[in-house]
Amino acid sequence: MVDTIWSEAQRQLRGALAGKDFEFWIAPLRVARHETDEITLEVASQFARDWIAREYLALIERAVGLASGRDARVRLVVNRQLAPVLPERRSPQRVSPPAGDERADPAARFTFETFVVGASNEVAYRAAQTVVESPGQRYNPLFIHGGFGLGKTHLLSAIGHAIREGRRGGGVACVTAEHFVNDMVGALRRDQMDRFRHRYRGISTLVVDDVQFLRGKKRSQEEFAHTFNALHELGKQIVLASDRPPHELPDMEQTLCSRFAAGLLVDILPPDQSLRRLLVERKAAALGLALPPSVIRYLADEWCPNVRELEGTLTRLAAFESLCGRTLTLAAAREALAPYLRGIRTTERASVARIIGEVCRHYRVTQAELTSARRTARLSVPRQVAMFLCRRHTDAPLQAIGAELGGRDHSTVVHALGAVERRLAADHALRDAVAALEARLAG
């Protein structure tokens, strides 16, 4: 039965992904174990595991869930006996693919041309382009921060890709902070720290994603600081990304946070309504889905908290259209997504409930006050912040968020999201409040 489930999941993924991406990343996966609500897949290397977990895990879990008829968690483990997905890399600067081998650079699809620009990400997008035009001369370091699935990794990949394509300034290393730490640990075990330092300090552009992974790791922070200083003093470009700005990173050395903040800090906010609709249109077109305006509006309003979640939703619709032979009208889209909505309802209620509790504690109001019909300033701001955080940190649809906050309707939640997004740009007190709440939610 497990082979049947995985075969069906692979069939769905084949239809949802570009052919070379499926063949390179998904086809080599092997089922190691299957339990009631979890399937374990084997992958050939740590690098491949990290990449698949970051770029495809949500899609794989949805495909497995659709194939098995129930929500399922997918776990990835490394089995080095499998044929390797990527050729062995001698150093991190060898990010460019060998001639004629497009598969060795799967991130090449994350370019500036494929990045969808809107008000919430335009500053980050323009800053990234400026870095490519003049590496090491302006905005060094460039530090991009924002929530999950908002486009940070896409922009980092676009920067690395564009600098390599333009052959500006020599070698480029595009890694995650976890990859940097793993490389360092491996070098320590093999007594090869000199080689490790030569590799990372002999490049001209260092692009590091998820730097929050360094928190609490003193030895890794120390080594990263030395690498940062060596590159920066030579005028080499450094680009970093995190889920929060430097001064909000817990368990991070203050000197390192100061170095991160010494360049340009830009944030990416959740997409506003116009950008969400544009994202739906672009992502649907990439999957070959022709959606009527009513479905585009529905998905933008209800199923687009971030790009990755939207991609998973569109994959489900593509599978529904292919398997059932149905035209994707608004009624059909609601039908296709209804099982997933029911499946997340209980967990989302718990997540929304926690956010509401944290907001009440922060603003010193009771839950009864927050969900009441009263519209005083003392209550309206916390209520809007709660709606904003629920949209940003859960997959709950807007109606569900409104229902939890006093039975408010969809339009009220949309208004609250817009109000908070606009105020965040200029209201430092509000930004501090949101940052403090997000730090507690992440704890």
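Of all non-hydrogen atoms in Asp272 and Ala119, the two that sit nearest each other are OD2-CB, 3.8 Å. Across all non-hydrogen atoms, the minimal contact from Leu289 to Ala318 is CD2-CA, 3.9 Å. Considering every non-hydrogen atom in both Ala158 and Thr111, the closest pair reads CB-C, 3.7 Å. Val117 and Leu278 make their closest contact through O-CD2, 4.1 Å (heavy atoms, listed as atom of the first residue, atom of the second, distance). The two residues Pro246 and Cys257 have their closest heavy-atom pair at O-SG, 3.3 Å. Tyr363 approaches Ala433 most closely through the heavy-atom pair OH-CB, 3.6 Å.
Between Phe115 and Tyr125, the two ring planes are parallel [angle under 30°; tilted spans 30° to 60°]. Aromatic ring pairs are classed by plane angle as parallel below 30°, tilted from 30° to 60° and perpendicular above 60°; the pair Tyr56 and Trp25 is tilted.
The closest side-chain heavy-atom distance from Asn140 to Ile238 is below 4.5 Å. Counting heavy atoms from C-beta on, the side chains of Arg423 and Val381 come closer than 4.5 Å. Side-chain contact between Phe22 and Gln10 is present, with heavy atoms from C-beta onward closer than 4.5 Å. Taking the side chain as every heavy atom from C-beta outward, Val207 and Ile163 never approach each other to under 4.5 Å. Counting heavy atoms from C-beta on, the side chains of Arg49 and Val78 come closer than 4.5 Å. Counting heavy atoms from C-beta on, the side chains of Leu234 and Arg201 never come closer than 4.5 Å. Residues Ile159 and Gln237 form no side-chain contact, since every pair of their non-hydrogen atoms from C-beta on lies 4.5 Å or further apart. Within the 4.5 Å cutoff, the side chain of Arg334 has heavy atoms near those of the Leu330 side chain.
From Lys236, atom NZ reaches atom OG1 of Thr227 across 14.5 Å, with rounding to the nearest 0.5 Å. One distance of note links CD1 of Ile356 with CZ of Arg361; it measures 11.5 Å at 0.5 Å rounding. One distance of note links CZ of Arg138 with CG of Leu264; it measures 9.5 Å at 0.5 Å rounding. Atom NZ in Lys217 sits 10.0 Å away from atom CE in Met184 (nearest 0.5 Å). One finds the CZ atom of Arg199 at 11.5 Å from the CG atom of Asp194 (value rounded to the nearest 0.5 Å). How far NE2 of His145 is from CG of Leu269: 8.5 Å, rounded to the nearest 0.5 Å.
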Exercise. Would Glu222 and Lys218 satisfy salt bridge (Lys or Arg N to Asp or Glu O under 4.0 Å), going step by step from the backbone distance to the final call?
Worked result: CA-CA 6 Å; Glu222 179 183 343; Lys218 281 196 74 172; over 6 Å; no

For this session: Apply side-chain contact (heavy atoms from CB on, under 4.5 Å) to Ile60 and Leu41, showing your working.
Result: CA-CA 10 Å; Ile60 295 172; Leu41 300 176; 4.2 Å; yes

Problem set entry | Intermediate values then yes/no, ring-ring contact (aromatic ring centres under 6.0 Å, His included), Phe196 and Phe180 | CA-CA 10 Å; Phe196 167 85; Phe180 179 90; 5.3 Å; yes

Problem set entry | Intermediate values then yes/no, side-chain contact (heavy atoms from CB on, under 4.5 Å), Leu310 and Arg276 | CA-CA 9 Å; Leu310 172 63; Arg276 289 198 299 270; over 6 Å; no

Exercise. Taking it one step at a time, do Leu155 and Phe110 satisfy side-chain contact (heavy atoms from CB on, under 4.5 Å)?
Worked result: CA-CA 7 Å; Leu155 276 182; Phe110 295 125; over 6 Å; no

Exercise. Where do Thr176 and Asp210 land on the side-chain hydrogen bond (donor to acceptor under 3.5 Å, both in side chains) test, with the steps shown first?
Worked result: CA-CA 6 Å; Thr176 64; Asp210 297 327; 5.8 Å; no

Exercise. Are Arg391 and Glu404 close enough, and set up right, to give a salt bridge (Lys or Arg N to Asp or Glu O under 4.0 Å), and what steps lead you there?
Worked result: CA-CA 12 Å; Arg391 181 56 184 261; Glu404 293 291 340; over 6 Å; no

For this session: Apply side-chain contact (heavy atoms from CB on, under 4.5 Å) to His232 and Arg259, showing your working.
Result: CA-CA 10 Å; His232 196 268; Arg259 290 183 177 94; over 6 Å; no

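Environment of CZ in Arg195: sparse, with no more than 12 heavy atoms of neighbouring residues, nucleotides or ligands closer than 6.0 Å.
Shown are Val420, Val413, Leu430; of these, the side chain to side chain contact (heavy atoms under 4.5 Å, CB included) with Phe388 is made only by Val420.
For the residue pair Ser242 / Gln212, a side-chain donor-acceptor distance below 3.5 Å is found, with atom types taken as modelled.
Side chain of Glu42 to main chain of Arg30: no donor-acceptor pair is present (N/O by atom type, distance under 3.5 Å, no hydrogens or angles). In this structure, Arg75 contributes its side chain and Thr40 its backbone to no donor-acceptor pair below 3.5 Å. A donor-acceptor pair is defined here as one N or O able to donate and one able to accept, closer than 3.5 Å; such a pair exists between the side chain of Asn121 and the backbone of Val116. Side-chain atoms of Arg316 come within 3.5 Å of backbone atoms of Ala336 as a donor-acceptor pair (strictly under, hydrogens ignored). Between the side chain of Thr394 and the main chain of Cys390, a donor-acceptor pair closer than 3.5 Å is present.
We find that Arg277 and Glu281 are not joined by a salt bridge, their nearest charged nitrogen and carboxylate oxygen being 4.0 Å or further apart.
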